[in-house]
Structures are given as C-alpha cells and as structure tokens.
*Asks:* 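This structure is in structure tokens; I'll ask about it shortly.
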Amino acid sequence: MTQPNNPPPTDFIRDFIEDDLKTNKNDGVVAVRFPPEPNGYIHIGHAKSVCLNFGIAAQYGGTCNLRMDDTDPAGESLEYVDSIIHDIHWLGFDWQGRLFFASDYFEQLYQFAVALIKAGKAYVCSLSAEETREHRGSFTEPGIDSPYRNRSIEENIDLFARMRAGEFPDGEHVLRAKIDMAASNIVMRDPIMYRIKREPHFRTGTDWVIYPMYDFAHCLSDALEGITYSICTLEFENNRPLYDWFVEQLIPGRRPRQIEFARLNVSYTVLSKRRLIELVEKKYVSGWDDPRMPTVAGMRRRGYTPEAIRKFAAAIGVAKNDNLVDVALLEHCVREDLNERAPRAMAVLRPLRVVIDNYPENQVEEFECPNHPQNPEMGTRKVPFSRVLYIEHDDFLEDPPKKYHRLGPGREVRLRNAYVIRYESMVKNEQTGQIEEIHCTYDPETRNAPPADGRKIPGVIHWIAADHAVPAEVRLYDRLFRVPEPKDENYTADLNPDSLAILAKCYVEASLKDTIPGTGYQFERLGYFCADLKDSRPGKPVFNRIVPLRDSWAKIAGSPH
RNA sequence: UGGGAGAUCGUUCAAUGGUAGGACAACGGACUCUGACUCCGUGAAUCAAGGUUCAAAUCCUUGUCUCCCAGCCA
C-alpha cells in the first residue's frame with residue numbers, strides 16, 4: 001500500500017521559524033526541546049507537544065533535546081523518567097543522546113544566582129510565605145517592596161551561601177530577583193528564584209537543600225543548551241518577560257524565543273496531571289496504564305498505535321485558541337490506522353449455539369480466510385468449520401424489526417467465509433424463556449459462491465466452530481467520563497460507570513490462541529482488539545477492545561449510546 | 001477589577017486585503033461475503049456595531065464574550 005504523500009504541516013510556529021530561516025536569524029539553527037517534569041506519566045496532551053517539537057526538528061534539520069525539568073523534588077522520581085523515555089521512544093521519536101536534566105545545571109544555576117546578586121539584581125528575602133503574598137499586591141494594586149530588598153550585596157552572598165549550606169529551616173529565606181514590585185505583570189514583582197526545601201532529589205539526593213524555581217531554571221537551561229525556540233503552552237505567556245529578563249541579565253546574546261501554543265483538551269476525559277494522579281491514587285482506574293487512561297501508557301495498552309497518535313497530532317493542528325477536541329477524531333485516527341494494518345479474525349463475544357442439522361456429525365472443514373479484504377499480501381489463515389457453531393447473540397432475533405439483515409425465523413444468512421445457512425428451529429430454556437440454541441441447515445453449494453438460484457442473501461455474520469473455539473476474556477472499554485467536559489470540582493461524579501465491561505465467556509478463533517500481546521486485530525463486524533499487554537497469556541488470551549467499528553446499524557436500530 | 005492572550009461550520013485547523021476551504025461529526029445515496037472499508041453527495045461558520053477600501057474573516061474604532069496570571073508548582 002502506498003502512503004499518500006502528506007504535505008508537511010504548517011502552523012503559526014512553523015511560519016515563525018520559516019521567517020527566521022529566511023533572514024538567517026540563528027544562522028539557520030533550529031534547536032528545540034521537550035521538557036517534561038518527571039512527576040507523572042505523559043499523556044495525549046504531551047504527545048501533541050512531543051510531535052510538535054520533534055516534528056519541527058526533523059522538518060528543519062534541527063535538533064530536539066529531551067530535558068527533564070526536575071527542579072522540584074517533591075513528586076519526581078526515576079520511575080517517571082523511565083516511563084517518559086519509554087513513551088517518547090514508543091511514539092517514534094529519538095533525541096539522539098541529547099537527554100538532559102535541569103538538575104545537571106544546579107551548580108551552574110547557583111553561580112548564575114550569585115552573579116545576579118553581585119549585579120545588585122537579586123536579594124535574600126526573609127518574609128514568610130504569607131507575608132510575601134501580602135506584599136505582592138493584587139491584580140489592581142501594586143505590590144510593596146520587601147523590607148529585605150536593600151540588603152547589601154555582601155550580606156546577600158553570605159545568606160545565600162548559608163541557605164545552600166543548610167543553615168536555615170525550610171521557608172526561612174528565599175532568593176528573589178529585584179525587578180519591580182509595581183509591575184502590572186505580577187510575574188515580574190520580584191519573583192522567587194530559590195526556595196529552601198529539605199526534600200531528597202531523585203538524582204542529587206541530599207546534595208541540595210535549595211532548589212531553583214521554574215522561571216529561573218527553565219530559561220537558563222534553554223540558553224545553556226542553545227535552544228532557539230522554546231515552545232510551551234499558553235499559560236506561560238505571562239512568564240515570557242521574566243524568561244527574557246533572566247537570559248538578558250545572565251547570558252546576553254543568547255535569546256531562545258519562547259513561543260506559546262494552546263494545550264490540548266479532549267472530550268470525555270481529563271488531562272490535568274492533578275486529576276490523573278487522583279484517578280490512579282484513589283483507584284478509579286487500575287493504574288497509569290489503565291486502558292481507559294489518556295496517558296501514552298494507557299493508550300498503548302488499549303491498543304492505540306503510535307502512528308494513530310501521530311496522525312491525530314497532525315489532524316488537530318497547532319494554534320492559540322482554547323480547544324476541546326472531539327475524542328471521535330482520536331478514535332477515527334485509530335480506526336484509520338488499524339483498518340490498514342490489522343489482520344482480520346473472528347470472535348464471538350456473546351455466544352449463541354447453532355447446530356447445522358444437515359452437516360455431518362464429525363466432519364471438519366478448513367476454510368482459507370483472507371487476513372485482509374483489501375490487501376492480499378497479508379495472506380490467509382485456516383479457520384475450521386463444523387456442525388456446532390457459536391454466533392453472536394445479537395445476530396439472531398426471534399422477532400426481527402424491518403431492515404434487520406441477520407438471522408431470524410424463516411431467514412437465511414451467510415456465515416462469513418463459509419456457507420449460507422437457513423433457520424429451522426430454536427430451543428428455549430423452559431424456565432427463563434431464553435433462547436439457548438438454534439437449529440439451521442446449510443446450503444452446500446454456497447461455499448465461496450452465491451446461491452445457484454440467484455436469490456440474494458442480505459446478511460453476513462461471523463461465527464466460531466464450537467470444538468475449536470478458544471475461550472477468552474474480552475474487556476470492552478468506553479469513555480472514562482459520561483460528559484464531554486467533566487466539571488473541575490467534583491469531576492469524579494462524572495465518571496462513566498460503564499467505562500469497563502468484562503466479558504468472561506467469549507470465544508475467539510483458533511489462530512488467536514497464542515496471540516502476541518499488543519498486536520491489533522480486527523474482529524470482523526465488532527471492532528479492533530488486541531491481547532492485553534499485562535494479563536493475556538498463551539492459551540488464555542485476554543483481549544482489550546481498542547475501538548469498535550463504526551456501526552450504522554446501531555444508529556438505525558437506536559443504540560443505547 | 002490591572003496585565004496578558006483568543007474569538008471562523010456542531011468540533012478542529014486553514015484562508016497572511018482578492019471565490020470562506022479541509023478534516024472529524026451529522027445526514028442522504030452507491031458498493032459490499034464485515035450494516036466495516038471505499039466512493040459519491042447534502043446541510044453547516046467569519047462575536048457585534050460602525051468605519052477605511054473597487055474589494056475586509058483579514059486593516060481601524062468601539063463594544064461583547066472566553067481563557068491565563070495574585071504557589072516558596074511547572
């Protein structure tokens with residue numbers, strides 16, 4: 001299959017870079033970075049940024065660093081670092097060895113801070129957190145200067161050294177930039193550069209008790225790495241003047257350009273780290289890789305492919321508008337990708353026993369079934385057929401409505417890749433009235449051929465030969481939330497109680513018995529499924545539904561959805 | 001309320017003073033041994049009001065609405 005030649009994406013950030021390239025702004029250098037804080041797993045929103053940054057680097061012959069923004073030891077860990085590395089690789093990107101940590105710059109950053117003190121542009125402030133807040137003013141009122149603002153340079157250097165040496169308890173002092181307490185932009189009102197925090201850091205251990213703040217560390221890390229475009233999300237727009245201020249004071253001449261774009265929101269899920277952590281910790285989901293989670297790990301386990309996620313990232317574009325992207329677009333991208341690459345197979349989720357009365361008792365035929373209807377290169381597989389089968393319970397109706405193409409009293413239907421069968425009778429449970437079994441006859445002439453008399457068979461249904469059926473557990477996933485935009489407060493009330501349905505007694509065709517976890521199949525007429533990465537075992541497969549097929553019958557019949 | 005940013009089909013991204021276009025979603029049809037896929041088609045938008053211009057989504061003015069900022073988080 002030939003890939004359509006997609007034109008390279010365009011957006012306002014690429015336009016900006018191309019303008020620079022035309023004027024040879026940074027000697028043609030395009031250096032970007034993806035800077036996650038290792039305090040959680042990355043999710044589809046990060047994936048957008050990963051695709052953006054690595055995509056830009058690739059497109060313009062530049063580089064993209066991976067930098068762990070580990071300036072606040074609370075909540076950060078190696079587990080998260082490892083997961084981030086794994087997830088970005090899985091998404092299909094590589095930083096060619098340029099993995100950095102903000103914590104690698106701690107000493108350098110400390111020296112920068114000292115330099116700023118010596119320049120009379122930073123001071124040790126001994127206000128409490130609460131006093132600091134009060135001094136900061138409000139949106140409408142200017143702040144007032146800290147009483148410690150005019151400490152001598154010598155005293156500041158001494159105090160800052162002793163902060164580092166661990167002479168003070170947490171919160172006793174902070175280092176602040178001396179800018180302007182009356183600035184209309186609150187970010188510029190003598191922002192805090194360092195705080196004392198006795199929290200072991202997963203990389204530097206207890207070497208440090210002072211840690212740089214984001215605003216101080218991030219811009220200088222960018223400058224140190226020679227980043228030319230520092231792409232971040234919209235909420236940092238207010239911080240850009242401060243970003244520029246620190247670079248200007250300390251590494252003048254290097255001026256990474258911060259460009260902000262709108263973070264991604266997706267309907268029927270949540271993407272804030274706080275809420276994702278809560279879903280995991282309060283066990284609303286089974287973990288960061290729960291297949292319902294919007295994390296990269298969750299989507300991988302669900303069976304979404306990297307290609308689908310990249311396709312989605314390209315489809316949503318990059319702009320500055322607040323957005324709420326319909327999850328249907330993500331699902332569309334997953335289907336589009338899987339439709340091309342997923343081999344077809346048959347599985348019966350809610351089995352109904354069917355006996356073919358005129359089929360010989362002990363006969364077994366093997367049908368050669370194509371693995372893909374449009375792509376013969378994907379080959380064929382053998383599927384056994386015998387007298388007793390299972391079909392989907394939905395595919396038989398005692399009293400079918402108009403337009404129903406499946407099996408019912410007096411009806412014929414084609415068994416996919418096999419014969420046409422005709423309904424003869426049914427067996428009901430005497431107590432419950434449930435249909436337990438139906439009896440049919442088959443037309444031997446219809447294997448690989450339409451009925452000889454030219455009659456039309458309106459329906460095709462899937463099936464499994466009972467003697468060869470492999471029992472399987474199938475997990476049906478639905479959206480995690482029942483509303484498009486879960487409310488901020490008490491969002492757990494919006495959780496979808498039906499986001500997971502476990503079907504313990506399903507059957508899959510024999511070829512799937514030892515299926516490799518993680519590879520996607522289309523179970524024909526049902527959807528895309530893959531064996532679960534964690535729980536599936538050879539001989540005892542457990543399948544996740546990745547996404548159902550589009551179902552225009554469900555619309556006609558009036559689906560519960 | 002001060003500052004910053006943004007308003008285009010239901011959703012999302014384009015159109016960079018010159019035919020408002022694509023994708024998703026919706027709806028209709030064709031095809032079909034998957035009610036899938038594919039194909040064809042339909043409906044659907046410039047926040048408002050003024051102004052500049054031969055011509056405005058785009059420029060100007062005024063207004064409206066939404067988002068972000070008062071962590072020793074990022």
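Naming: A, B, ... by sequence-line order, numbering from 1 per chain. Keep in mind the model is a prediction, meaning the values are calculated, not measured.
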*Asks:* RNA chain B: A:Arg240 or A:Val460, which has the more 5' nearest nucleotide?
*Replies:*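 Per heavy-atom nearest nucleotide, the more 5' residue is A:Arg240.
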
*Asks:* Quick check: any donor-acceptor pair below 3.5 Å linking the side-chain of A:Gln522 to the base of B:U34?
*Replies:*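 Between B:U34 and A:Gln522, which were checked side chain against base, a qualifying N/O pair under 3.5 Å is present.
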
*Asks:* Restricting to ring pair (Phe, Tyr, Trp, His ring centres under 6.0 Å), what partner residues turn up for A:Tyr41, sequence neighbours left out?
*Replies:*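 Listed in chain order: A:Tyr80, A:Trp288.
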
*Asks:* Among the nucleotides B:G35, B:U12, B:C13, which one has an atom lying closest to any side-chain atom of A:Val325?
*Replies:*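 Of B:G35, B:U12, B:C13, B:U12 is nearest to the side chain of A:Val325.
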
*Asks:* How close or far is atom C1' of B:A36 from atom CG of A:Asp337, stated in whole angstroms?
*Replies:*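 Taking atom C1' of B:A36 as the reference, CG of A:Asp337 is at 16 Å.
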
*Asks:* What pairs meet the side-chain hydrogen bond (donor to acceptor under 3.5 Å, both in side chains) rule with one or both residues in residues 451-462 of chain A, with sequence neighbours excluded?
*Replies:*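 Only A:Glu392-A:His462, A:Glu412-A:Arg455, A:Asp443-A:Arg455, A:Asp453-A:Arg455, A:His462-A:Arg525 qualify under side-chain hydrogen bond (donor to acceptor under 3.5 Å, both in side chains).
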
*Asks:* Are any of A:Arg525's side-chain N or O atoms less than 4.0 Å away from OP1 or OP2 of B:G35?
*Replies:*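 Yes, A:Arg525 has a side-chain N/O under 4.0 Å of OP1/OP2 on B:G35.
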
*Asks:* Can you see if the side chain of A:Asn339 gets near the phosphate of B:A36 - specifically, an N or O under 4.0 Å from OP1 or OP2?
*Replies:*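 Checking B:A36 against A:Asn339, no side-chain N or O comes under 4.0 Å of OP1 or OP2.
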
*Asks:* Find the distance A:Asn321:CG to B:A15:C1' and express it as a whole number of Å.
*Replies:*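 Atom-to-atom, A:Asn321 to B:A15, this comes out as 14 Å.
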
*Asks:* Syn or anti for B:G28, taking syn as within 90° of 0?
*Replies:*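 It is anti.
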
*Asks:* Decide yes or no on side-chain contact (heavy atoms from CB on, under 4.5 Å) for A:Arg335 and A:Asn339, but give the supporting numbers first.
*Replies:* CA-CA 6 Å; A:Arg335 284 193 194 102; A:Asn339 176 51; 5.7 Å; no

*Asks:* Could you write nucleotides 67-74 of chain B as a row of B, S and -, 5' to 3', where a protein heavy atom under 4.0 Å of any base atom gives B, of only sugar-phosphate atoms gives S, and otherwise -?
*Replies:* SBBBSBSB

*Asks:* Could you list the residues that satisfy ring pair (Phe, Tyr, Trp, His ring centres under 6.0 Å) with A:Phe216, not counting sequence neighbours?
*Replies:*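 Ring pair (Phe, Tyr, Trp, His ring centres under 6.0 Å) list for A:Phe216, sorted by chain: A:Tyr194, A:Phe246.
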
*Asks:* Taking only residues two or more places apart in sequence or in another chain, which ones pass ring pair (Phe, Tyr, Trp, His ring centres under 6.0 Å) with A:Phe523?
*Replies:*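 Scan of A:Phe523 (ring pair (Phe, Tyr, Trp, His ring centres under 6.0 Å), adjacent residues dropped) gives A:Phe529, A:Phe543.
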
*Asks:* Hey, where does RNA chain B pair up into stems, meaning at least three consecutive Watson-Crick or G-U pairs with distances under 3.5 Å?
*Replies:*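 So far as stems of 3 or more pairs are concerned, RNA chain B shows B:2-7 with B:64-69, B:10-13 with B:21-24, B:26-30 with B:38-42, B:47-51 with B:59-63.
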
*Asks:* A:Lys178: what forms a side-chain hydrogen bond (donor to acceptor under 3.5 Å, both in side chains) with it, not counting sequence neighbours?
*Replies:*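 Residues passing side-chain hydrogen bond (donor to acceptor under 3.5 Å, both in side chains) with A:Lys178: none at all.
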
*Asks:* Output all residues satisfying ring pair (Phe, Tyr, Trp, His ring centres under 6.0 Å) with A:Tyr491, sequence neighbours left out; order by chain, then residue number.
*Replies:*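 If we apply the ring pair (Phe, Tyr, Trp, His ring centres under 6.0 Å) test to A:Tyr491, skipping adjacent residues, there are no hits.
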
*Asks:* Would you mind checking if A:Asp104 and A:Arg203 are paired as a salt bridge, meaning a charged N to carboxylate O distance below 4.0 Å?
*Replies:*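 Answer for the salt bridge query: yes.
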
*Asks:* Where the side chain of A:Ser552 is concerned, which of B:A36, B:U34, B:A5 is the nearest nucleotide?
*Replies:*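 Of the options given, the side chain of A:Ser552 lies nearest B:A36.
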
*Asks:* Regarding A:Ile457, tell me which of base, sugar-phosphate or nothing describes its non-hydrogen contacts under 4.0 Å with the strands shown.
*Replies:*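 Answer is nothing: A:Ile457 stays at 4.0 Å or more from every strand.
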
*Asks:* What one-letter contact string describes nucleotides 20-28 of chain B from 5' to 3', where B marks a base within less than 4.0 Å of any protein heavy atom, S marks contact via sugar-phosphate atoms alone, and - marks no contact?
*Replies:* ----SSSS-

*Asks:* Tabulate below the donor-acceptor pairs under 3.5 Å that side-chain atoms of residues 313-323 of chain A make, not counting sequence neighbours, or state none.
*Replies:*
unit_1	atom_1	unit_2	atom_2	d
A:Lys320	NZ	A:Glu237	OE2	2.9
A:Asn323	OD1	A:Asn265	N	3.3
A:Asn323	ND2	A:Arg263	O	3.3
A:Asn323	ND2	A:Asn321	O	3.3

*Asks:* I want to verify a distance call: between B:G6, B:C33, B:C37, whose nearest atom is closest to the A:Asn417 side chain?
*Replies:*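 Among the listed nucleotides, the one closest to the side chain of A:Asn417 is B:C33.
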
*Asks:* Does a donor on one side chain and an acceptor on the other come within less than 3.5 Å for A:Asp190 and A:Tyr123?
*Replies:*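 The answer is yes; a qualifying pair exists.
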
*Asks:* Applying salt bridge (Lys or Arg N to Asp or Glu O under 4.0 Å), can you list everything that pairs with A:Glu18, at least two apart in sequence or on another chain?
*Replies:*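 Result, salt bridge (Lys or Arg N to Asp or Glu O under 4.0 Å) vs A:Glu18: none returned.
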
*Asks:* Polar-atom pairs under 3.5 Å, protein N or O versus N or O of nucleotides 40-43 of chain B: list them with distances, or write none.
*Replies:*
none

